[in-house]
Protein chains: 2
Amino acid sequence: MEKKYWVPALEKANDVLQLVSEQPSKLKLIDLSKQLGINKSSMFSLLNTMEALEWVVREPESTYSLGSKLGFIGNAFFKQFSLIDRFRKEAAITKHTIQETIQLAKLEQRDVLYLAKEEMPSPVRLSSEPGMKLPAHVTALGKAMLASLAESDFEALFPEEALLPELTPFTIKTRSELKAQLAAARAEGFAFDLQEAVMGFCCVAAPIRDAQGRTIAAISCSMFQHEWEAKRELAQREICALAAKLSQDAVQVNS
Amino acid sequence: MEKKYWVPALEKANDVLQLVSEQPSKLKLIDLSKQLGINKSSMFSLLNTMEALEWVVREPESTYSLGSKLGFIGNAFFKQFSLIDRFRKEAAITKHTIQETIQLAKLEQRDVLYLAKEEMPSPVRLSSEPGMKLPAHVTALGKAMLASLAESDFEALFPEEALLPELTPFTIKTRSELKAQLAAARAEGFAFDLQEAVMGFCCVAAPIRDAQGRTIAAISCSMFQHEWEAKRELAQREICALAAKLSQDAVQVNS
DNA sequence: AACCTAGGTTTATTATAATAAACCACGATG
DNA sequence: CATCGTGGTTTATTATAATAAACCTAGGTT
């Protein structure tokens, strides 16, 4: 990470927030200090400030959890995407007919950014959460969106036959393979992910388009690999239907 | 604000985030620098770091908006409150029968902290957003929750016959007046706000209780003052019904 | 084209945040 | 009851972030 024009206090705060968000109400000053390798007096000032700004709250047992300010800012972040509300409402219905988790995401450079999730109660839960990112080329969501990029935009994003990050043995390895799959997705109107992001999981995804036909987001349905055979067709149909519905007078997604 | 054990970089970042969240994609480096009175070179480093940490994103026109990291952290904040999901689902139904905005909040010291909002489309919208705070004593939500506090806890929160912040001419002015209203709320099972927080608006609120009967949150319905007469009874009934429903096996709200 | 200005970047200096170390309070342990 | 160890707080020193000022570039103006 670049070290010039850098404000280390922010990086430290960021690390603290990350850790606290993973284990709220579990960590005390000393734990944070040790786990992050930050001097405890620095941590003291840091936590003192963060508490005053309501980025964190100090619990009675002097453990820390996230503060309301971050809830507020986070809410403002998601507010930029008016699609989300409609997604929540509609997907809540669809998820019951498919009986699987449905997600909404947008493309951000070479990554998909998860915006919302409607999940079915299940013993295993996908680790993807709103606000998280994953490389676009390993997900059905990403492929659904990359598929509608203009040739030149695609070239700009993936300049050379680069080694793409691999998350499973099934992850696409080359740009040419990706291009082939995108062509297929473009033709069919939806994209797959067959254990390419997480072993044991498959997805279908379809793009959401605005009035001008530009792709602004995508939705997906994820399921166990062993359910794929049986459910695949239903999921595909439902996801396409939902995508079509959400595409109607969809407002653009930020930027 | 306390100046010892202080990390000004965080305060600056906080101000930047606040401003950017209010006007996403509007402000450039120089605007932020001027409006916040922060030296532009400091702002340069600040924004550079914040961008690298994905707290903000720099748009093509070099304006700034909130970044995905904050969405992620904010999401984690709200995840602590499992009530929220159930609220969203149930309130989405109730709001249609009342045709007014419904909100969920918890008590945090002398403030109410808004957790979620289900709103009806309307020309005017309440400014309260998830993550925001308001003094408890000016809101129906706050009174509904304060009402179930033990005498000693109440005393600890409001130690003396203090001058409470007043938001409108109708805001409660003294602790004794507040106590009287809380007694009434306790007896009835719900609380009112008659233009005490925002001129022209009235609310009903009812507490949500866990299995042990402890109040953990509250829900409210807000409406124009001129609708109050006609809708008050319906709203009151629906809010109490919804509160009762959400009280069933409610998990505690954080801390 | 020469001149200005405004937004942004870089550099040099100063103020201060980050650190190590000392200190304190308290609970555990023998 | 004395000792030790741990988590938190304060202090003194050092490293560095924040600033002012200089600098650069691109648009606008005459």
Side-chain angles (χ1 to χ4, degrees), chain A residues 1-67 69-70 255, chain B residues 1-20 22-67 69-70 109 255:
Chain A
M1 203 161 272
E2 186 58 77
K3 279 292 159 201
K4 227 180 167 195
Y5 307 125
W6 193 248
V7 184
L10 293 191
E11 188 177 15
K12 293 200 179 72
N14 190 59
D15 291 343
V16 170
L17 290 176
Q18 181 75 42
L19 207 51
V20 169
S21 76
E22 285 163 9
Q23 313 176 34
S25 315
K26 289 264 113 69
L27 303 168
K28 307 168 61 160
L29 186 152
I30 195 75
D31 307 313
L32 290 165
S33 171
K34 281 180 180 161
Q35 292 193 40
L36 296 171
I38 297 174
N39 187 294
K40 61 176 177 164
S41 3
S42 311
M43 189 58 78
F44 183 65
S45 304
L46 220 43
L47 288 173
N48 187 43
T49 322
M50 292 173 81
E51 193 187 353
L53 297 172
E54 305 198 84
W55 289 17
V56 297
V57 292
R58 187 208 229 106
E59 249 101 55
E61 328 80 60
S62 76
T63 54
Y64 289 87
S65 67
L66 296 175
K69 187 74 183 189
L70 291 165
S255 73
Chain B
M1 205 162 270
E2 185 58 78
K3 278 292 158 203
K4 226 179 168 195
Y5 307 125
W6 193 248
V7 183
L10 294 191
E11 189 178 13
K12 294 201 178 71
N14 190 59
D15 291 344
V16 170
L17 290 176
Q18 181 75 44
L19 207 51
V20 170
E22 286 163 10
Q23 313 177 35
S25 315
K26 290 264 114 68
L27 304 168
K28 308 169 64 161
L29 186 152
I30 194 72
D31 308 313
L32 290 165
S33 171
K34 282 181 178 158
Q35 292 193 39
L36 295 171
I38 297 173
N39 187 295
K40 61 177 176 164
S41 2
S42 311
M43 188 59 78
F44 184 65
S45 304
L46 219 44
L47 288 173
N48 187 44
T49 317
M50 291 173 81
E51 192 186 355
L53 297 173
E54 305 198 85
W55 288 18
V56 297
V57 293
R58 187 207 229 108
E59 249 102 55
E61 327 80 60
S62 75
T63 54
Y64 289 87
S65 68
L66 296 176
K69 187 74 183 188
L70 292 165
Q109 272 77 270
S255 69

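A quick note: this is a predicted structure, and the numbers were derived from the prediction, not measured. As a basis for the values below, the full set of heavy atoms in this structure was taken, side chains included, without hydrogen atoms, waters or symmetry mates. The chains referred to below are lettered A, B, ... by the order of the sequence lines, with proteins before strands, and numbering in each begins at 1.
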Rounded distance (Å) that lies between atom [atom2] of [N] and atom [atom1] of [X]:
| X | N | atom1 | atom2 | answer |
| --- | --- | --- | --- | --- |
| Glu51(A) | dG8(D) | CD | C1' | 14 Å |
| Leu27(B) | dG7(C) | CG | P | 13 Å |
| Lys28(A) | dG8(D) | NZ | P | 5 Å |
| Ile38(B) | dA17(D) | CD1 | C1' | 13 Å |
| Asn48(B) | dG7(C) | CG | P | 20 Å |
| Leu36(B) | dT19(D) | CG | P | 12 Å |
| Trp6(B) | dA18(C) | CH2 | C1' | 17 Å |
| Glu59(B) | dG8(C) | CD | P | 14 Å |

Whether the side chain of [X] engages the backbone of [Y] through a donor-acceptor N/O pair (distance < 3.5 Å, no angle test) should be reported.
| X | Y | answer |
| --- | --- | --- |
| Thr49(B) | Val7(A) | yes |
| Asp15(B) | Lys12(B) | no |
| Thr63(B) | Leu27(B) | no |
| Ser33(B) | Ile38(B) | yes |

**Message:** If you assign Ser42(B) and Ile30(A) each to the DNA chain D nucleotide with the nearest heavy atom, which residue ends up on the more 5' nucleotide?
**Reply:** Ile30(A)
**Fill in**
With the side chain defined as heavy atoms from C-beta on, Lys12(B) is closest, among dT9(D), dA18(D), dG7(D), to dA18(D)
**Message:** Heavy atoms from C-beta onward define the side chain here; which of dG8(D), dG8(C), dA17(D) lies closest to that of Pro8(A)?
**Reply:** dA17(D)
Think [X] has a side-chain N or O under 4.0 angstrom from the OP1 or OP2 of [N]?
| X | N | answer |
| --- | --- | --- |
| Lys40(B) | dA18(D) | no |
| Asn39(B) | dA18(D) | no |
| Tyr5(A) | dT9(C) | no |

**Request:** Find which nucleotide of DNA chain C each of Lys34(B) and Ser45(A) is nearest to by heavy atoms, and output the residue with the more 5' nucleotide.
**Result:** Lys34(B)
**Prompt:** Under the 3.5 Å rule, do the base of dA20(D) and the side chain of Ser41(B) count as making a donor-acceptor pair?
**Reply:** yes
**Request:** Could you tell me whether the side chain of Met50(A) reaches within less than 4.5 Å of the side chain of Leu10(B), counting heavy atoms only?
**Result:** yes
